[in-house]
Protein chains: 2
Amino acid sequence: MYICLIYTFMLYSSELIKGTLKTIILKLLADNNRMYGYEMTQRVKTATANKIEITEGALYPTLHALESEGLVTTEIEYIGKRVRKYYKLSPDGAKRSQEKVNELADFMNTMKFLLDIKPKTT
Amino acid sequence: MYICLIYTFMLYSSELIKGTLKTIILKLLADNNRMYGYEMTQRVKTATANKIEITEGALYPTLHALESEGLVTTEIEYIGKRVRKYYKLSPDGAKRSQEKVNELADFMNTMKFLLDIKPKTT
DNA sequence: TTTGATGTATAAGTAAGTTATGTATTATTT
DNA sequence: AAATAATACATAACTTACTTATACATCAAA
């Protein structure tokens, strides 16, 4: 007797995640005081059961953009000889975080209505 | 005495809508047998209270892409002298429509969980 | 008669990603 | 001991899916 286990790594098509990265980062920082980039990728990966994987090529430019917009501040620390860059929300960033999450929530409600998606019955 | 009415046209930032256009079109066609492009833009506009406005520059290339992928078929009709192009789902398109809607629903549930968004209490 | 709505289409430019590559340290496996 | 994987940052080249602008044409309304 064979037992066949198929693990489907149902990663979302990338267009979907596209508009949401900044919102995700800002929300993570709103909840966690400070985080570093690699930590964010791991947090999102485990929190979504591998459904959302943030690539470094997307993450770091976005973090730099948030910094240059004044929405986050940074602190560099050394773990042994390895550099680690912590990000923290500025007051503007905290405000923006809420706005972005609210906008996304509103958008998702609109889309659910438009696509006639029923709430999960779990 | 002045009465000041401010209408806020809270259009979503375009990155959000970005990944969802094909899904919206396929779902419209799944529900309506056949539709033409302009009709789709109006339907979405009114159904979302002007929150989502599909631009022609996005719509028509996407419709052409769907056609060349074999997901929709077209019929041309004349209203007076004015041309109108109707789109209809192919069997593949009907299947894809369901898949896309399911994927988006799944994605939105994941995002709601990740961003700790509470269901609306209305 | 000219503006707005209806209707389709494409070209140029942009934003936000992907993919690939690079560098370096530390832990784990063979 | 050496190779591989994980940790940690970063950037360059490319792609995708849009936006913005333009174009053309018909028909209704001001």
Side-chain angles (χ1 to χ4, degrees), chain A residues 11-26 28 34-46 50 52-69 71-72 74-87 100 103-104 107 111, chain B residues 9 11-26 34-46 50 52-69 71-72 74-87 100 103-104 107 111:
Chain A
L11 263 164
Y12 300 115
S13 48
S14 63
E15 325 92 68
L16 285 183
I17 305 169
K18 194 148 276 187
T20 62
L21 181 55
K22 251 182 191 173
T23 307
I24 290 171
I25 294 172
L26 289 170
L28 281 175
R34 67 174 203 162
M35 289 183 88
Y36 56 99
Y38 186 76
E39 191 184 12
M40 296 179 193
T41 66
Q42 300 308 303
R43 184 72 59 88
V44 169
K45 195 176 169 183
T46 57
N50 301 308
I52 297 180
E53 288 183 22
I54 299 175
T55 60
E56 305 106 309
L59 178 69
Y60 291 110
T62 302
L63 287 172
H64 300 161
L66 289 172
E67 189 178 11
S68 76
E69 291 171 50
L71 299 177
V72 299
T74 60
E75 297 163 14
I76 285 176
E77 282 188 21
Y78 281 87
I79 309 301
K81 286 180 181 177
R82 195 151 56 188
V83 76
R84 184 182 284 180
K85 199 165 166 188
Y86 278 98
Y87 291 84
K100 292 287 267 178
E103 189 197 12
L104 186 51
F107 174 71
M111 284 300 296
Chain B
F9 289 104
L11 263 165
Y12 300 115
S13 48
S14 64
E15 324 93 69
L16 285 183
I17 305 170
K18 194 148 280 187
T20 62
L21 181 55
K22 251 182 191 174
T23 307
I24 290 172
I25 294 172
L26 289 171
R34 67 174 203 162
M35 289 184 89
Y36 56 98
Y38 186 74
E39 190 184 12
M40 296 178 193
T41 66
Q42 301 307 303
R43 184 71 59 87
V44 169
K45 196 177 170 184
T46 57
N50 300 308
I52 298 180
E53 290 184 20
I54 299 174
T55 60
E56 306 105 309
L59 177 69
Y60 291 110
T62 302
L63 286 173
H64 301 161
L66 289 172
E67 190 179 9
S68 76
E69 290 171 51
L71 300 176
V72 299
T74 59
E75 297 163 16
I76 285 176
E77 281 187 23
Y78 281 87
I79 310 301
K81 287 182 180 175
R82 196 149 56 187
V83 76
R84 186 182 281 178
K85 200 164 165 186
Y86 279 99
Y87 291 84
K100 292 288 269 180
E103 189 198 13
L104 186 51
F107 174 71
M111 284 300 296

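Quick note on labels: first sequence line is chain A, next is B, and so on, each numbered from 1.
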D:dT7 P sits how many Å from A:Met40 CE, rounded? 16 Å

Starting at CD of A:Gln42 and ending at C1' of D:dT7, how long is that distance when rounded to a whole Å? 9 Å

Taking only heavy atoms on the protein side, list every residue of residues 58-68 of chain A lying under 4.0 Å from any atom of DNA chain D, sorted numerically. A:Tyr60, A:Pro61, A:His64

What is the distance, rounded to the nearest whole Å, between atom CD of A:Glu75 and atom C1' of D:dC9? 17 Å

Is there any protein nitrogen or oxygen under 3.5 Å from a nitrogen or oxygen in nucleotides 2-5 of chain D, and what are the pairs?
none

Spacing of A:Leu28 atom CG and A:Met35 atom CE [to the nearest 0.5 Å]: 5.0 Å

Gap between atom CE of A:Met40 and atom CG of A:Leu59 - 0.5 Å precision: 6.5 Å

Could you state the CD1-P distance from B:Ile17 to D:dT20, rounded to the nearest angstrom? 11 Å

By ring-ring contact (aromatic ring centres under 6.0 Å, His included), B:Tyr86 pairs with (sequence neighbours left out) B:Tyr36

Do the charged groups of B:Glu39 and B:Arg34 touch, with an N to O distance under 4.0 Å? no

Spacing of A:Ile54 atom CD1 relative to D:dA10 atom P, expressed in whole Å: 15 Å

With sequence neighbours left out, the residues meeting ring-ring contact (aromatic ring centres under 6.0 Å, His included) with B:Tyr87 are none

Measuring from A:Ile52:CD1 to B:Met111:CE, what's the distance to the nearest 0.5 Å? 5.5 Å

Distance, nearest 0.5 Å, that separates NZ of A:Lys100 from CG of A:Leu21: 10.0 Å

For the pair made of CD1 in B:Ile52 and C1' in D:dT19, what is the distance, rounded to whole Å? 16 Å

Distance (rounded to the nearest 0.5 Å) between B:Lys45 NZ and B:Glu53 CD: 4.5 Å

So does B:Lys85 pair up with B:Glu75, basic N to acidic O under 4.0 Å? no

From A:Leu66 atom CG to A:Ile25 atom CD1, the distance as rounded to the nearest 0.5 Å: 5.5 Å

Remember a base hit wins even if backbone is also touched, and classify B:Gly57 as base, sugar-phosphate or nothing at under 4.0 Å, heavy atoms. base

Produce the list of close N/O pairs, under 3.5 Å, pairing protein atoms with atoms of nucleotides 27-30 of chain D; give distances to one decimal.
from   : atom 1 : to      : atom 2 : distance (Å)
D:dC27 : OP1    : B:Lys81 : N      : 3.1

Phosphate OP1/OP2 of D:dA8 contacted by A:Tyr36 side-chain N/O (<4.0 Å): yes

Between A:Glu56 and A:Gly19, name the one whose nearest nucleotide on DNA chain C is closer to the 5' end. A:Gly19

Are the side chains of A:Leu16 and B:Glu103 in touch, meaning some heavy atoms are under 4.5 Å apart? yes

Applying a 4.0 Å non-hydrogen cut-off, can you work out what B:Glu39 is touching in the nucleic acid: base, sugar-phosphate, or nothing? nothing

Specify the separation, in whole Å, of atom CE of A:Met35 and atom P of D:dA8. 12 Å

Under 3.5 Å, is there a donor-acceptor pair linking the side chains of B:Thr74 and B:Glu67? yes

With side chains defined as the heavy atoms from C-beta onward, is the minimum distance between B:Val72 and B:Leu63 less than 4.5 Å? no

DNA chain C: 5'-most and 3'-most nucleotides touching chain A, 4.0 angstrom heavy-atom criterion: C:dA16 to C:dT26

Salt-bridge criterion met for B:Lys22 and B:Glu69 (N-O under 4.0 Å): yes

Interatomic distance where CZ belongs to A:Arg34 and P belongs to D:dA8 [whole Å]: 13 Å

